[in-house]
Each structure stands twice: as structure tokens, then as C-alpha cells.
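This report refers to the structure that appears directly beneath it.
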There are 2 protein chains.
Amino acid sequence: MKATINDVAKQAGVSIKTVSRVINNETSVRQLTREKVQQAVEELNYQPNLAARNLAGAKSFSIAYIYDNPNAYYIIDMQEGILSACKKQGFELLIHPCDAKNKNITEEVVNMVKHARIAGLILTPPLSEMPEFVKTLVDLDVKVVRIMSGDVAPDDLSPCVMVNDRDAAQTITQHLIDLGHKDIAFIAGDAKHMSTIERYKGYRKALKASNIDFDKKLVIEGDYSFDSGVSGAKQLMSTESNNTRPTAIFSCNDEIAAGALFAARLMNISIPEQLSIVGFENSPFSRQTWPKLTTADQPNGQIAEDAANLLLSQVRKQKNQVTISQYVPKLIVRDSSALCSNV
Amino acid sequence: MKATINDVAKQAGVSIKTVSRVINNETSVRQLTREKVQQAVEELNYQPNLAARNLAGAKSFSIAYIYDNPNAYYIIDMQEGILSACKKQGFELLIHPCDAKNKNITEEVVNMVKHARIAGLILTPPLSEMPEFVKTLVDLDVKVVRIMSGDVAPDDLSPCVMVNDRDAAQTITQHLIDLGHKDIAFIAGDAKHMSTIERYKGYRKALKASNIDFDKKLVIEGDYSFDSGVSGAKQLMSTESNNTRPTAIFSCNDEIAAGALFAARLMNISIPEQLSIVGFENSPFSRQTWPKLTTADQPNGQIAEDAANLLLSQVRKQKNQVTISQYVPKLIVRDSSALCSNV
DNA sequence: TTAGTAATTGACAGCGCTGTCATTTTTTTA
DNA sequence: TAAAAAAATGACAGCGCTGTCAATTACTAA
């Protein structure tokens, strides 16, 4: 039914080993022979059997995406990006959700990697930000690629795809400054996440660049949740507070922004007339608020595909065609930010 | 490094074939022998190699989850449920997002099934509701399990796990009726989805059961989106309208409800004092609105695990331990519904 | 007891592919 | 032009497991 390597070999008039060489892109096959084989592959619509490849060779054709992240949108984007790269290169993707707080997570993942003969792993925050965990895996002879927040890789444990949250945060803060805002609040995400730290740095940097005094009271701790946004905004905008009321809020992600938006409405503060609110991530969430959120777009699918390609080229020991490995989320101006009315 | 079937056989003092029998739960192995083997398996922490099993046998140990659904939360829940069943039974899960509107989808999936030697498939709406598509797959000798909306399977193409949206919708409508509401609007989801149709039936049934006249004008077409909710609620609650203004809105899912909630706020209608709004699905979304949504909880993870178990028992040709195959989403009363003020 | 049946076990081939290494062909060098 | 080196190809074993079928052992009934 399905064509096997034998069928191809017969059709091309060569040995199966030669076919194997061609489909694995090995050198030392004459151009003419290669073409004959390739033609036979086409004609028979041959696709190598993954199980057989995994079993026979020292190599494996499976990679895994290990994650622990409450953001379903993010995960789905990642999965699709990785899958797209896998499909093109004939690899198989196993997904492995897990709990970063679990003490046995390292053991669990090591076990899975060994058992399923995984060639490589893709890690996203927060797992990618756990050095011990990453080190254990790298020592295990699996290739690893991490997606992380920052401008350059923090170490050389593995190749990384960096998401420059700092610069993006600076840009988005600058956008608010350009609109005349000076009292710009910051509602933070989970303090343990690099992304929060980086976004905070960008925020500070933008203020500094425009010589705006930094007011500690305008920084609220949060945790990347809607509720954080609600309580953060309430705290910031409460009339009883003796702080300066900000005219703009930089929320560490769209969920927080949505929460802030909601709180503002409850307090009869109109957006964006009286208060500008910006998010981060450009999740579908940000289009389901009203007004729609100004935010920073992170092309997660593409980042994931990039990471997967990086990983696959590693696994296949190809010369590292190092692709762009740094992304800077881009400002998307929508309706939740406007000129500062205090000016 | 990793123990193979040979190691286990040696340790237990039997042939590898006997080990194979034990790990595959075949009959005709003496109890004593079985125990010896099981002990060896334990001692060596042996886990059969999936690639080898897939290659050697006529059977396959991989199943796939094929989906096309914009709801990331739903997909993630499904994946985790299925994975959980797979892990327990030593199966591998491949995920395959796709586009139901694509003409070639059947070909695409057939190809993947053949290529990856997939033993079984899990289908969710809308794919599970495409009879032609399902039929093609079933004819292909892959086992299929569908998750669908309804009370009984619409055909016997494959086993189904049914989600009784109708009864749940009736219950949730009844909840509104119990609160004294009589003018209850209905904002529909995508008209092509069975779930919309079923929920609508339940809504009608509840009205009828309480002898409440049905008012066609209170039914709004929508599409499971936030925007649907916004525009639907606006239309319903607009003062210019010469319709009866409803005192309660049944939204076909939480996203619609969130949209309706938002529109209500914009129109200065307080929830739930002046208007009750209920959702459906109990997505994380429903906890991120304010007030939190009264909704119907659908245990997606469990439904998925159930479906996977059904599929696996099929694949393994075990006697059909038919588990519960109908779920009725349960009413969750939160803060968006209250006594009707018109009474 | 003893053939006769049923339950248990094992030997062996082979799934589709890759790794090793030997063989053949081509190219280079002297 | 022959010998040496390099490149291209193929024969074959074996990855870890399951299917087939034959061999062994345990249990019946006569």
C-alpha cells in the first residue's frame, strides 16, 4: 500500500542504501544517481517511515515541546509554529505540558526524553528560565533550544531565540510619552518571569531617555492576571490615594490591561480620554476589549517556527544556518491610548 | 542504557515472546510466569520502545487529535485530557490542527493517517460534525471517536462522547426563569455548529415547560465571538427598539456573554440588577469578567480523557468497557444573574 | 494409566530503515 | 598507462519489537 524504501530502490534501479543516502541528504551520491532516486521518490510519493528511522538509526526524528504556561493562546501559537517546521522537515512533534513547580519535573522530563528517544527539545518560559533544569537536559545529549526574554542569550547552554521585551517596552512607553504622558504607571506581571523584568527595564529606560522622573508609587506588583489589572488600576486611580494619579498605564500583558480597562470603567474613567492603557502581547484578548488595546505584537508562531528550525538544524548536524534569533515585538496602536488631556 | 525486551526476558528467565505477551496483556500466560515477568519489568524499569512496536506489529501505538477550533482554551483542555489517557496506556499523541474550510482537508488527514500509521483519531466540532469526512476516515480502518453535541449519537459511524448541550441549556434557562425572568433573550453562536442548535432547543424547551411565550425578536444570530455579544446586546437593549427589552440574556458561550456584559456597561445597564446575563462553557474567560459569569461548566479535560479511553480500548480491541458517554454541563451560578427586578 | 485435547511457551522471520564495512567505479597521480 | 587514492555504491546485520507457527507442558477423559 504505502511505498517503502525497497520500492523506491527498485524503481530507481539502485540499492536501498543509496536511497537512504539521498533522502538523508548525505554526500557522496553522484548527481545523476541522486536525480534518479528523487524522481522515483516523487513518482511513488514515498515518505520514509518514522518508526523505522527512529528504530534503526542512532538518530531520532522526534522533538518535543515542553511547556508550563497558563496562557492557552501562547501555547497554541507555539505549537502551530513548531509543527509547521516539523512538517517541512519530516519530524514528529510530541507535546508535553507539565508543572514547573513540581519538584520531580527534571526527572519526569529526562525520563520522557529517554523513553521516547527525543532528539531535541523546545523550551519556553518559565521552563527556559530554569538554568539547572536546562543544564541537566543539555548534559543528556539532547539538543535544546530556548525561547527567552532578553536581547542576548544569558549563557551558552543552548542556542536561544530571544524576544527583546526591553526594547519593545521602551517603544511602547515612548509611544505614551509621545502622546504627552508623563505620569505613566506600570503594572507588573509575575516578578519571577524574565519578561516582567525586561519590560520593566524598558519602561524605566524610556522614562530616563525623556528625563521623566521615576515615581516608585506608580509601579504596582502583579502577576499577569486580569485580577492584577483590576486591583492595580483601582489602586492607582483611587481618588483617596494621595499619589499622583497616572494619565497612562503600561500593563505588562493584555490580560492585565483588560483588567485595568474594566476597573477604569467601573470608576467612570473614560478610556482613552481620561486615561490611556496599553497592553503587551497582542493576544486575541486585546481585540476583545473595548476600546481595543494598544499593545506590542509578538509573532509567536514565527518565533516558534524559528526556534524549531534552529533545533532541527542542530539535530541534523547541518551547518548552523543561524537565522534571526532576536525578535522585537512591534507597537500596535489601537484605541486605548490617546493624547494626554493634562497637557 | 535503556532496558530492552531482551534484558527483561533474561532477567525473568523466559523468552522475549513471553515478555511481549505479558506487556500486551495477552491471555495464555500462566499466572506465575506473568508475575515473574512483571517483577523483572519493575526491577529494570522497562518501558517498551514505541518505535519498535509501531514498526513490528500490525497495530500502531499512536493516535492523533485533529482539530480546527479557534478556542485555545478548549484545545488545551482537550489535549491535556487525551494526553493523560495516552500516558497511562503507553500511547503517543500526535496533534494536527487544520482548517475545516479547506477543500483538501480529507486528503490531508488521510495522508497523515497513512503516513504516520495512526491507530485512531479523536475529532471535536466542527470536524466531528462533518459526516462525509468522518465516513472517509472510518472506511480507512482507523478507529475514530467523536466528541459531539447532542444526547445520542446521530449515526453509528463511530463511538461518540456526547455533550448534552440541550439539557444544560434548559437548566440554565430554567435558572433564569426561577429568578422570575420571563423576557429572556438568546444570542446564538455559529448557526452551523450543533452546539448552537442544541442550546437553542434547550432554551425553547425551558420556555415551553414554563408556559412562557416565545418571542422571536429576542433571538439574535451570532457567531461565538465577543463582538457578537456586544452587537447582540446593543440591539436587544437599545431604547429605540420597539421590542420588549429582555430582563435576561442567555448567551451561547462565555465570549458572547462577556461581549454582552460589556455592551450593557456602555449603556449604563447594571448587571445583574437591571439585566441578568448568563454564559456557557465556564471558560477562564467567564472568571475574567466583572461581575463573574453564571455559566454552564463543561469538564472538557475529562470529556477528552473519556474519549481517548474509548478510542484506546477500541484500538486495543478490548471488550468495550463503555464508559459514561454523555455529559451534561452543570449550572454554575455566579454573579451575573439575579432576581428579575420587573417582578 | 494413556491417548487426546488444551493451555503455555519459544524459535524465528521480518517490519523499514540506518550503520558498518567491503566492493566497485571513477579520478588522480606518477 | 598503471598504480594509488578517492568517490560512489551495495551487501548485510540489526535496531526492539510482534506475528506465525511449531514445540512443549499441563490437564482431560476414558
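Values below: every heavy atom of this structure, side chains too, minus hydrogens, waters and symmetry copies. Chain A is the first sequence line, chain B the second, and so forth, proteins listed ahead of strands; every chain is numbered from 1.
- Look at CD1 on A:Ile23: it is 14 Å from C1' on C:dG19, rounded to the nearest Å.
- Across all strands shown, A:Phe61 has no heavy atoms under 4.0 Å from either base or sugar-phosphate atoms.
- Which of D:dT18, D:dG16, C:dT18 sits closest to the side chain of A:Asn24 comes down to C:dT18.
- For the pair B:Leu50 CG and C:dC15 C1', the computed distance is 15 Å after rounding to whole Å.
- If you check the side chains of A:Gln39 and A:Gln11, you find no donor sitting under 3.5 Å from an acceptor.
- Whole-Å rounding puts the B:Arg53 CZ to D:dC17 C1' distance at 8 Å.
- Look at CG on A:Leu55: it is 11 Å from P on C:dT18, rounded to the nearest Å.
- Residues A:Ile63 and A:Leu94 fail the side-chain proximity criterion, which asks for heavy atoms closer than 4.5 Å.
- If you take CG of B:Asn49 and C1' of C:dG16, they are 14 Å apart, rounded to a whole angstrom.
- Atom P of nucleotide C:dG16 and atom CZ of B:Arg117 are separated by 8 Å, given to the nearest angstrom.
- Side chains of A:Asn24 and A:Glu26: a donor-acceptor N/O pair is absent below 3.5 angstrom, by distance only.
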Practice task
Do nucleotides 6-13 of chain D as a string where each nucleotide becomes B, S or -: B if the base has a protein heavy atom under 4.0 Å, S if just the sugar-phosphate does, - if no protein is that close.
Solution key: --SBBB--
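- B:Asn54 comes within 4.0 angstrom of no nucleic acid atom, judged by non-hydrogen atoms across all strands.
- When rounded to the nearest whole Å, the span between CG of B:Leu32 and C1' of D:dA26 equals 14 Å.
- Note: A:Tyr73 and B:Tyr73 meet the aromatic proximity criterion, with ring centroids under 6.0 Å apart.
- With rounding to whole Å, B:Ile5 atom CD1 is found 18 Å from D:dG14 atom P.
- The residues A:Glu305 and A:Lys87 are annotated as not salt-bridged, no charged nitrogen and carboxylate oxygen being separated by less than 4.0 angstrom.
- For the pair A:Arg146 and A:Asp155, the salt-bridge criterion is met [side-chain N within less than 4.0 Å of a carboxylate O].
- Closest to the A:Ala52 side chain, of the nucleotides C:dC17, D:dG16, C:dT18, is C:dC17.
- Within the 4.5 Å cutoff, no side-chain heavy atoms of B:His193 are placed close to those of B:Ser149.
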